[in-house]
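Everything on this sheet refers to the single structure shown next.
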Amino acid sequence: MDVTEISPEHQYLTLINIFTVDPANQQQLVDLLIAATEGSITTIAGFISSSLHRSLDGAKVTMYSQWRSLADYQNMRSNPAASPYLEQALKIATFESAMYEVVRTFIQLT
């Protein structure tokens, strides 16, 4: 199993999408985002990794993604293969998206 590496040294673009969904539709949204990521996103140049999270109350789904650059991310957004998935997601959820850079990571010291 591969693990997402989070480090300021990489200087990747970090994208965090937070979807708000009716708890009855949370699994449908999770399945849709898995299909989108496995079916098209991972094949687009500049994609590094994604991690999908669901809230315990069923009301949120969060996707943490890393891209090599802003230009690579923008290329994905203009790729027609990714558009139908977003359109389907917006039928059952709303979302907020923001771009970040990693400043620092912390780990437990033993």
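- Counting heavy atoms from C-beta on, the side chains of Met76 and Ser40 never come closer than 4.5 Å.
- We find the CD-NE2 distance between Glu101 and His10 to be 14.5 Å, quoted to the nearest 0.5 Å.
- Partners of His53 by ring-ring contact (aromatic ring centres under 6.0 Å, His included), not counting sequence neighbours: none found.
- Looking at heavy atoms from C-beta onward, Glu96 lies out of side-chain contact with Asn17 at the 4.5 angstrom threshold.
- A distance of 11.0 Å separates OG in Ser65 from CD1 in Ile48, rounded to the nearest 0.5 Å.
- Here the straight-line distance linking atom OH of Tyr12 with atom OG1 of Thr4 works out to 10.5 Å at 0.5 Å rounding.
- There is a path of hydrophobic side-chain contacts, each under 4.5 Å, that joins Leu52 to Phe95.
- There is a path of hydrophobic side-chain contacts, each under 4.5 Å, that joins Leu15 to Leu70.
- Ser49 OG to Glu5 CD: the interatomic distance, rounded to the nearest 0.5 Å, is 9.5 Å.
- Annotation: side chain of Leu32 is in contact with side chain of Tyr85 (closest heavy-atom distance under 4.5 Å).
- Residues Ile16 and Tyr100 are in side-chain contact: their nearest non-hydrogen atoms beyond the backbone lie under 4.5 Å apart.
- Taking both residues in full, the closest heavy atoms of Val102 and Ser7 are given as CG1-C, 3.9 Å, listed atom of the first, atom of the second, then distance.
- Between Val30 and Val61, the shortest heavy-atom distance links the atoms CG2-CG2, 4.0 Å.
- In plain terms, the two heavy atoms of Val21 and Ala93 that are nearest each other are CB-CB, 4.1 Å.
- Residues Lys60 and Arg54 are not in side-chain contact: their nearest non-hydrogen atoms beyond the backbone lie 4.5 Å or more apart.
- To the nearest 0.5 Å, the span separating CG on Asp22 from CD1 on Ile92 amounts to 9.5 Å.
- Expressed to the nearest 0.5 Å, how far CG of Asn75 lies from CD1 of Ile44 amounts to 7.0 Å.
- Listed by chain and residue number, Trp67 satisfy the ring-ring contact (aromatic ring centres under 6.0 Å, His included) test with Phe47 (two or more places apart in sequence, or in another chain).
- Taking each heavy atom of Pro8 and Arg104 in turn, the nearest pair found is CG-CA, 4.2 Å.
- Within the 4.5 Å cutoff, side-chain heavy atoms of Met63 are placed close to those of Leu33.
- Tyr73 has its side chain within reach of Met99: a pair of non-hydrogen atoms, C-beta onward, lies under 4.5 Å apart.
- The closest side-chain donor-acceptor pair between Thr37 and Ser50, if any, does not fall under 3.5 angstrom.
- Counting only heavy atoms from C-beta outward, the side chains of Leu29 and Phe19 approach each other to under 4.5 Å.
- Although no hydrogens or angles enter the test, the distance criterion places no donor-acceptor pair under 3.5 Å between the side chain of Gln11 and the main chain of Ser69.
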### Test side-chain hydrogen bond (donor to acceptor under 3.5 Å, both in side chains) applied to Thr14 and Gln66, step by step
CA-CA 5 Å; Thr14 299; Gln66 295 176 321; 4.9 Å; no

